[in-house]
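A short write-up of the structure that comes next.
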Amino acid sequence: MPDHTLPKTYDFHATERRIYAWWEQHGYFKPWNDPRRPGFDPAVEPFVIAIPPPNVTGELHLGHAMFVAMEDLMIRYQRMKGVPALWVPGSDHAGIATQLQIEKALAKEGCTREQIGREEFLKRTWAWKEKYGGIIADQIRRLGASCDWERERFTLDEGLSRAVREAFVRLFEKGLIYRGPRLINWSPGLKTAVSDLEVEYSEEPGTLYYFKYMLAASEGEFIPVATTRPETILGDTAVAVHPEDPRFSRYVGREVLVPVLGRRIPVIPDEYVDREFGTGALKITPGHDPNDYAIGQRHGLPVISVLDEAARVTGAGGPYAGQDRFEARSNLWQDMRAAGLVIKEQPYTLSVPRSQRGGEIVEPMISTQWFVRIAPLAEAALGAVRDGRVRIIPEHFTKVYYNWLENIQDWCISRQLWWGHRIPVWYCQECGKMFAAREDPDICPKCGGSRLEQDPDVLDTWFSSGLWPFSTLGWPEDTPDVRYFYPTSVMETGYDILFFWVARMIMFGLEFTGQVPFHTVYLHGLIRDEQSRKMSKTTGNVIDPLEVMDELGTDALRFTLLVGSTPGHDTNVSLKKVVANRNFANKLWNAARLITGAIPQAPAAPQSEPEYTLADAWIWARFKQLTRSVEQLFQNYMYGEAGRQIYDFFWGDFADWYLEIAKQQVGQGGDRAFYTVDRLVRIFDGVLRMLHPFTPFVTEEIWGHLKRAAQAHSDRLLPMPGAWEEALIVARWPQPEPEVAQDADSLVRFTLLQDIVRAIRNLRAEKNVRPGQRLPAILVCPPEIAEMLEEEKANLATLARLDAELLSIVPHGGTAFPKPEGHITLVVGPVEVYLPLSGLVEAGEERARLEKDQAEVGAQIERLETLLSSPFAEKAPAAVVQKEREKLAGYQETAAKLRAQLQALG
RNA sequence: GGGCGGUUAGCUCAGUUGGUUAGAGCGUUGCGUUGACAUCGCAAAGGUCGUAGGUUCGAGUCCUAUACCGCCCACCA
């Protein structure tokens with residue numbers, strides 16, 4: 001046996017490992033045109049994707065699998081098209097997420113980060129990163145990712161750190177970064193500020209507390225006020241009422257007393273107050289509420305912080321100082337009740353702000369933080385999408401993008417963490433000035449002093465991520481990579497990080513490089529379970545991609561994710577789908593066994609000119625259709641639909657029909673066998689090529705076998721490009737093949753053949769004719785069809801399980817054909833099929849079936865006649881009308897046959 | 001409050017530019033296994049495309065309204 005014989009079963013496990021190593025070893029993942037390699041041609045346009053960097057200590061989940069599959073598909077497609085394709089891999093330091101992991105580990109040892117100190121903490125985190133940081137990259141390899149691993153980057157590596165400093169200093173020098181006390185979202189557990197985006201609101205049952213704000217100057221008079229957070233009363237600096245509210249107008253300008261504390265605060269008028277809500281009067285806590293902060297600014301109110309960084313009451317809270325916020329809430333309320341200030345409590349649904357990471361309740365607080373003045377950047381980023389320099393797919397997300405950028409707030413970029421890029425700002429202890437610097441300074445540039453202290457904060461992780469498309473290529477250096485590969489091509493990621501990441505990359509790209517960082521944003525949906533629930537460990541519905549790959553193979557997983565998804569829409573993944581796609585890979589494998597086995601049965605060189613059967617012409621016409629359709633779908637980023645069509649072609653046309661026919665044709669030997677094998681090889685090769693971006697492993701493996709089998713047998717068995725490439729991963733993508741006039745005819749004729757076969761199979765199934773039993777048959781049809789059927793006789797016999805010796809094709813026109821004794825009739829379009837089964841069919845049954853057919857055909861004729869006599873005939877395009885006319889003619893022909901048959905039955 | 005998406009077969013979903021009998025996988029039913037494949041084959045059942053209008057010769061596809069589900073943003077003392 002030659003070595004290209006395929007084993008009976010496909011061992012995807014071993015294959016995946018072997019093939020990946022082989023690809024990598026041959027350098028196929030590198031762009032063929034590369035400024036780092038000899039023979040570089042800067043004129044050839046590359047295709048570039050920067051990977052969405054996963055968290056360095058993360059574990060692979062289906063979200064990763066999704067983007068890897070999607071991006072690898074795009075990269076492989078471009079590579080096969082001959083475009084230098086670069087996919088830059090890397091990972092993200094993920095400030096909060098990683099730091100939390102380390103802190104958790106420390107907690108197990110019974111200590112805190114403060115106890116071990118910043119330096120030791122960072123040492124441990126780096127050690128953690130070294131230990132676990134490679135895992136995710138290996139898991140991404142298992143998915144088949146064809147990244148250029150030599151270009152792998154990490155957001156905290158030296159080059160990227162330089163980029164971060166450069167970006168910060170530039171913005172700082174332009175005045176686009178400022179520092180100051182503002183009301184920010186404070187995470188008391190993490191003890192850091194977080195940005196607006198990192199706060200998630202959840203609806204939760206709570207209480208609305210009604211109480212009295214007593215007038216300072218008059219006994220017994222009060223303004224009723226409602227709050228959801230009584231502890232903030234301690235920080236109230238005013239009570240606001242609507243200026244036109246008659247209930248309270250007499251109080252405006254007077255003073256009320258803060259419960260328990262007895263502080264005097266003014267009653268102020270402000271239109272922000274909603275007269276309908278609550279009591280119509282609003283307590284103002286500028287230190288702990290964003291709206292109150294704004295009102296406070298308008299009225300020049302003092303700001304009192306009553307909560308500290310751990311959300312405990314500060315000294316300003318008098319008797320409650322040192323208490324936790326919730327403890328203080330209940331204590332204060334009790335004391336107020338005792339003092340007769342409580343009116344009532346009412347159940348109320350709150351929108352509770354929680355930290356995206358820790359999940360704890362975020363506290364709005366006044367704090368000195370660093371901010372990016374975002375408006376000018378946002379304006380530019382809006383422009384880039386508006387004028388089409390960046391295209392977002394699916395398109396409806398552009399609105400979401402606009403909406404966010406048009407209402408954007410300054411971005412709080414400082415975090416009170418240790419794991420991250422430290423803010424490159426120093427404070428001179430001698431002159432008191434602060435300055436930003438690209439390199440760690442020794443002396444103060446303002447006064448020359450040497451007692452410098454660096455700002456202790458680090459930057460928001462997304463600050464460094466925002467630079468990713470160019471920092472990974474070497475920016476701010478003017479490297480050959482930046483010059484050639486930037487701007488990148490497509491940014492493919494989930495829509496959930498459109499704001500966090502995509503918008504910020506566009507802003508930073510424009511700001512720092514003057515160019516958009518990518519011309520296309522492709523947003524995929526989120527992965528959910530089969531009941532469209534989010535996958536979560538608590539629900540227990542998490543599908544682990546690693547387990548899926550172990551059990552069903554990477555290709556099956558990839559194909560499921562790719563074909564099951566539409567851009568921007570969530571995808572429900574179930575194991576059942578993956579199983580179905582594992583079966584698909586298996587089907588491919590077995591088709592390959594058949595084809596490689598068929599090759600040696602044909603002569604190595606044909607003696608005559610090519611001669612193709614109807615089936616050959618048909619499958620070729622269908623294949624060409626597929627290449628055109630797939631090309632168009634790929635161009636429109638409709639990968640899922642493309643995959644589906646290839647799947648359908650392969651399974652429904654190629655395997656179900658053509659392979660069955662091909663076995664028969666190869667069995668005929670001679671040149672017929674050669675030309676059949678030639679079709680098999682070419683079309684299967686084409687299918688493998690088109691499938692390769694979806695299911696790279698099985699296709700590469702099979703293709704290798706196919707190629708070797710073909711080469712071993714004949715130098716005339718070639719793929720479409722005319723020569724066998726060295727590997728499928730770098731093989732040419734099938735060109736869309738143009739349609740020729742004959743194609744339509746082949747399709748119509750073969751469809752008739754299929755209809756005949758189906759009709760016979762149907763009857764056999766109905767009558768329980770044993771599958772093994774070869775039936776004789778008589779086919780009566782118009783002469784021009786008879787010729788075709790005669791040629792296809794052998795195939796017909798195979799497919800419908802007829803006895804080829806006893807199959808007669810009778811050309812017959814005009815007059816009714818006399819029905820043979822003992823036969824029953826099927827009418828398939830212009831063809832009458834007579835099968836000697838009347839013994840199995842009861843009297844009347846045949847008539848009933850024919851009448852049923854007649855009724856169906858009659859209904860169609862009626863429908864089409866109505867249609868064609870309507871304005872449709874004049875207004876619709878001629879081709880469309882013509883098509884319907886032909887259909888009608890076909891039905892009329894069938895109807896005539898049916899009538900004749902029924903008459904013959906008497 | 002503003003915006004977006006979904007509603008198609010029992011389930012999960014496709015359905016690009018409107019073209020005239022609506023597709024797949026899974027599930028269900030019946031039949032079938034020595035030669036590519038039971039990880040399979042053959043056949044069958046199953047949908048008035050959420051509802052109501054409109055545009056059009058023609059609407060699952062475009063427009064308007066509406067119901068329900070989901071999401072995002074803003075945020076309500």
Side-chain angles (χ1 to χ4, degrees), chain A residues 6 8-10 196 201 208-210 225-229 232 240 273-274 277-285 289-292 348-351 353 394 396-397 399-400 403-404 407 495-496 498-499 525-526 530-532 552 560 563-566 568-574 576-577 579-598 629 632-633 635-638 640-641 644 647-648 651-652 655-656 659-660 663 758 761-766 768-772 801 856 859-860 863-864 867 870-877 879-881 883-884 887:
Chain A
L6 277 75
K8 193 159 167 61
T9 52
Y10 170 45
D196 296 345
Y201 291 85
L208 190 54
Y209 300 86
Y210 289 77
V225 174
T227 182
T228 55
R229 294 187 296 157
T232 63
V273 180
D274 178 354
F277 192 87
T279 64
L282 177 62
K283 62 188 271 309
I284 305 297
T285 321
D289 184 280
N291 293 307
D292 293 5
Y348 186 71
T349 303
L350 309 174
S351 178
H396 72 255
F397 275 106
K399 276 194 189 171
V400 180
N403 188 267
W404 186 69
N407 301 293
Y495 66 75
D496 53 328
L498 178 62
F499 306 144
L526 276 27
E530 53 200 319
Q531 287 144 49
S532 33
L552 300 166
T560 303
V563 167
S565 69
T566 329
H569 289 99
D570 293 354
T571 306
N572 294 4
V573 171
S574 82
K576 283 179 183 173
K577 290 187 191 175
V579 168
N581 290 323
R582 183 273 317 262
N583 295 351
F584 176 60
N586 182 65
K587 186 87 177 171
L588 282 169
W589 181 259
N590 282 295
R593 292 181 62 216
L594 172 68
I595 293 165
T596 51
S629 179
Q632 201 202 339
L633 291 166
Q635 239 128 60
N636 289 311
Y637 297 90
M638 300 174 68
E641 182 61 17
R644 227 167 282 129
Y647 177 106
D648 287 344
W651 204 311
D656 285 350
L659 284 184
E660 290 307 314
K663 283 187 222 170
R758 287 204 185 97
R761 282 174 177 171
N762 199 330
L763 186 74
R764 294 177 63 116
E766 230 173 80
N768 282 320
V769 178
R770 278 189 301 103
R801 316 235 72 187
E856 270 168 29
Q860 291 302 328
R863 183 180 68 79
L864 287 166
L867 179 67
S870 74
F872 168 79
E874 286 121 52
K875 300 230 178 173
V880 175
V881 178
K883 219 172 96 190
E884 298 306 313
K887 270 193 218 164

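Just the heavy atoms: all of them, side chains too, but no hydrogens, waters or symmetry mates, feed the values below.
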Pair of N/O donor and acceptor under 3.5 Å linking B:rC37 base with A:Lys587 side chain: yes
Aromatic plane relationship, A:Trp651 with A:Phe584 - under 30° parallel, 30 to 60° tilted, over 60° perpendicular: parallel
Phosphate-side-chain proximity, A:Arg761 and B:rA43, N/O vs OP1/OP2 below 4.0 Å: yes
N or O in side chain of A:Trp651 less than 4.0 angstrom from B:rG41 OP1/OP2: yes
Side chain A:Ser870 and base B:rC57 donor-acceptor under 3.5 Å: no
N or O in side chain of A:Lys875 less than 4.0 angstrom from B:rC57 OP1/OP2: yes
Presence of A:Asn768 side-chain N/O under 4.0 Å of B:rG30 phosphate oxygens OP1/OP2: no
Sugar-phosphate, base or nothing in reach of A:Ser351, heavy atoms under 4.0 Å: base
Sugar-phosphate only, base, or nothing, as touched by A:Glu856 at under 4.0 Å among non-hydrogen atoms: nothing
OP1 or OP2 of B:rC37 under 4.0 Å from side-chain N/O of A:Lys8: yes
Touch class at under 4.0 angstrom, heavy-atom based, for A:Lys663 against every strand present: base
Phosphate OP1/OP2 of B:rC4 contacted by A:Lys399 side-chain N/O (<4.0 Å): yes
Phosphate OP1/OP2 of B:rG2: any A:Asn403 side-chain N/O under 4.0 Å: no
Spacing between A:Asp496 atom CG and B:rG70 atom C1', to the nearest angstrom: 15 Å
